[in-house]
Amino acid sequence: MKKIITILAILFVATAFSAQAGHYKNFKSVAYVTVGTVNQMGTVKNWEELWKTYSKNLTLDKVYLETYRDQQFVKDDAMKAAIKFFKSKGIEVSGGITYNYSGGVRQRWESFCYSNPEHLAIIKQVAETTAGYFDEIVLDDYYFTNCKCEDCVEAKGDRSWGEFRMDLLNDVAKNCIVDPAHKVNPKCKVIVKYPNWYDHFQGLGFDLERGPYTFDGVYTGTETRDATSEQHLQAYESFGIIRYFEQLRPEHNFGGWVDTGGARYPDLFAEQLWFTLLAKAPEITLFNFAGMNFPFRDGNRTWANDNPTLNLDELKAVSKERGIDNPTWGRVAEYAYEKIDPILNKLGTPTGIKAYKPFHAIGEDFLHNYLGMIGVPVEIVSKFPEYSKDTKLVLLTECASHDADILAKMKTFMKAGGEVIVTSGFYRAMQDKGIRGIFEMTVTDRKADIDTVVVLTGGSRTDYLHKTDVPVKIPLLTYHTNDSWEDISTLQHENGWPLLQYSVYSNGDIFVWVIPDNFSHLYALPAAALNRYRAVASADTKVFIQGPSQVALFTYDNDTFVVHSFHDTPVDINVVVHGTKGVTDLSTNEVIAGTQGQSEKIYGRERFDASTCPVTIPPHSFRAFKINK
């Protein structure tokens, strides 16, 4: 009997191990299979043949099988074959829908007309069909409208396009998608994927206030691709947008979504995966399944010998051992997952500097991501935070000026002892709307091309002067001397203007952060200026960094943090942490004691004991640490 029990126990463990083989501890590995691929494969036999090589490159826990895209409907026998095949491999199956109408006929991205009854009938039919197959459906991020046909023009009336489209798509979502799907399959969960262009959502019908509740949850497009491509998205957004959407309806942001678009080299692709997972996405979807089977492009990686996190020599060697001669994009994804998974469970819940963005507000579009790229851990929130021991500072960019009660909220926050950082764009929007009652500045119509920054951090006069990488154009702000003061100054041809301004109000403090006309010129500012920005912005964190731009900092609530460099060469930075015991590398257990001393002086704050720890980061790589107690 004992022998039988032992054998059963061994079989149980072996079965459990087999079920988890290749899976990750902290997230699900997912791929999205387009309707074209489902129809093309057609049979279980075809899937089996493909799987012989595919599965050597990429381990999957789940797939989304698409039923409709671009007027192509799934074939029933092909869908049933796909479902049967993936389930036979122990892979979860869910449904996908892409509600685009006809590709690029009149516009590059052409949506359905949600005022057209014939289109609505298709939308409803697709939702019902998909719910018949699956208990979960994700809508690809085409669920927006850019239609301006005569029907839409008439239906819009005097409303703005944004108001009309948000009302329209919320109504269609409920009556043509969610409710019909629930009626066919009461267990079915319908999830909307929101794309990466969050600052412009309201204009095309995405409603972040109602949408996460109209649907059963949201999915997040974390594709930042290449910052030089047409959207000019900054890599930090792959992290920040997950955190933003998570607070819209907590615990209802079901994952992040990445593709290989614009990946000049594989590190760009891997960085998006890492940041999505560092934001604690519960699953990550690769778009698309077929694309993950293409061999990846090495690109011109001048840093290949500098020990980057994505070590392609190691990847290729391991692939060779698996019998893979031409590793695919899926293999790059799996390698990236293997590098990030071991540290994820050591990190707590992501935290950051609360940046208030009211629903549907615009202004200084996507600036939050540029701030993330200079090492300021920004976390966008849709509700103005209350002052507390954990939230002593709030950041307000121009979009916050759309809140009619913003000044009252600022004053309440500062009366409680809080600090407010506002951008020059915010101040400009508010300068004739009452902010002068806090302190008086004027954002003039004049500009300056500054080439020198003055940071008064000690030393001789020449030690204060730091050159910018390129001339930087900034708005010129004037102020009443001694009502406020320049914390960081600028110079150009022996004249100067503020870059960071400081004043007080009641029991609190206010800073004005002057933003260059070209946001990427934040990267051209000297390290001394960036260091001061980071120190000022760190009121709610126990760590900030010192060094050049384009090094990101991700902070967590359990005294852990991650730094990532976007440089093409190794970069040396300092991490400044509260306390005198330094930091420990979470991967190697190396202890870095650093230099002990007092934090720098910031008016309105008490100084603290700090450790300044030198850290070298390889190109396009991350390192994770904990603060020692």
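This structure is a prediction, so every number in the text was calculated from the model and none was measured. One-based numbering along the sequence shown.
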Spacing of [atom1] belonging to [X] relative to [atom2] belonging to [Y], to within rounding of 0.5 Å:
X: Trp257; Y: Ile241; atom1: CH2; atom2: CD1; result: 13.5 Å
X: Leu233; Y: Tyr370; atom1: CG; atom2: OH; result: 8.0 Å
X: Arg436; Y: Thr442; atom1: CZ; atom2: OG1; result: 4.0 Å

- Message: Under a 4.0 Å threshold between the charged nitrogen and the carboxylate oxygen, would Arg605 count as salt-bridged to Glu419?
- Response: yes
- Would you mind checking if Lys392 and Asp540 are paired as a salt bridge, meaning a charged N to carboxylate O distance below 4.0 Å?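 Answer for the salt bridge query: yes.
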Would you say the side-chain atoms of [X] and [Y] include a donor-acceptor pair closer than 3.5 Å?
X: Asp487; Y: Gln501; result: no
X: Asp469; Y: His521; result: no
X: Glu283; Y: Tyr219; result: yes
X: Gln234; Y: Asn369; result: no
X: Ser388; Y: Asp390; result: no
X: Thr584; Y: Asn628; result: yes
X: Thr309; Y: Arg623; result: no
X: Glu364; Y: Thr423; result: yes
X: Gln247; Y: Ser382; result: yes
X: Thr468; Y: Asp451; result: no
X: Thr220; Y: Asn253; result: yes

- Would you please test Gln231 and Asn196 for side-chain hydrogen bond (donor to acceptor under 3.5 Å, both in side chains) and show each step? CA-CA 9 Å; Gln231 284 188 289; Asn196 49 30; 3.1 Å; yes
Spell out, as yes or no, whether a donor-acceptor pair under 3.5 Å connects the side chain of [X] to the backbone of [Y].
X: Asp306; Y: Pro570; value: no
X: Asn574; Y: Val576; value: no
X: Asn531; Y: Ala527; value: yes
X: Ser599; Y: Phe608; value: yes
X: Arg428; Y: Val443; value: no
X: Asp585; Y: Ser587; value: yes
X: Ser565; Y: His567; value: yes

Considering only heavy atoms from C-beta outward, does the side chain of [X] approach that of [Y] to under 4.5 Å?
X: Ile374; Y: Tyr523; value: yes
X: Tyr198; Y: Phe206; value: no
X: Phe384; Y: Thr412; value: no
X: Ile242; Y: Thr276; value: yes
X: Pro619; Y: Val571; value: no
X: Thr351; Y: Pro377; value: no
X: Gln492; Y: Trp497; value: yes
X: Lys357; Y: Asp199; value: yes

Between [X] and [Y], ring centroids under 6.0 Å:
X: Tyr244; Y: His368; answer: no
X: Phe275; Y: Phe554; answer: yes
X: His620; Y: Tyr265; answer: yes
X: Phe239; Y: Tyr236; answer: yes

- Think Lys601 forms a cation-pi with Tyr603, using NZ or CZ under 6.0 Å from the six-ring centre and within 45 degrees of its axis?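 Yes, Lys601 lies over the aromatic ring of Tyr603.
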Looking at every heavy atom in both [X] and [Y], which two are closest together, and how far apart are they?
X: Ser29; Y: Tyr24; answer: CB-CE1, 3.9 Å
X: Ile284; Y: Leu273; answer: CD1-CD2, 3.5 Å
X: Leu312; Y: Pro266; answer: CD1-CG, 3.8 Å
X: Leu268; Y: Gln272; answer: O-NE2, 2.9 Å
X: Arg534; Y: Pro548; answer: NH2-O, 2.8 Å
X: Gly425; Y: Glu398; answer: O-CG, 3.6 Å

- Query: What residue among Ile488, Val455, Val514 forms side-chain contact (heavy atoms from CB on, under 4.5 Å) with Leu500?
  - Reply: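 Testing each of Ile488, Val455, Val514 against Leu500, the sole residue satisfying side-chain contact (heavy atoms from CB on, under 4.5 Å) is Ile488.
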- Verdict with reasoning, Gln431 to Met441, per side chain to side chain contact (heavy atoms under 4.5 Å, CB included): CA-CA 8 Å; Gln431 66 183 351; Met441 291 189 77; over 6 Å; no
- Message: Walk me through whether Glu314 and Tyr335 qualify under side-chain hydrogen bond (donor to acceptor under 3.5 Å, both in side chains).
- Response: CA-CA 9 Å; Glu314 180 183 64; Tyr335 183 91; 2.3 Å; yes
- Stepwise side chain to side chain contact (heavy atoms under 4.5 Å, CB included) test for Lys626 and Leu586: CA-CA 7 Å; Lys626 68 176 180 180; Leu586 290 177; 4.0 Å; yes
- Message: Classify the ring geometry of Phe561 against Phe625: parallel below 30°, tilted from 30° to 60°, perpendicular beyond 60°.
- Response: parallel
- Query: What is the ring orientation for Tyr194 with Phe201, classed by angle as parallel under 30°, tilted 30 to 60°, or perpendicular over 60°?
  - Reply: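 Answer is tilted, since the angle falls between 30° and 60°.
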- Message: The test is side chain to side chain contact (heavy atoms under 4.5 Å, CB included); show your working for Leu248 and Val218 and say whether it passes.
- Response: CA-CA 9 Å; Leu248 296 173; Val218 305; 5.7 Å; no
- Under the side chain to side chain contact (heavy atoms under 4.5 Å, CB included) criterion, do Asn26 and Leu277 qualify, and how do the steps go? CA-CA 9 Å; Asn26 299 287; Leu277 294 170; over 6 Å; no
Side-chain donor/acceptor pairs under 3.5 Å, residues 473-482, sequence neighbours excluded:
unit_1, atom_1, unit_2, atom_2, d
Lys473, NZ, Asp449, OD1, 3.0
Lys473, NZ, Asp449, OD2, 3.3
Tyr479, OH, Glu486, OE2, 2.7

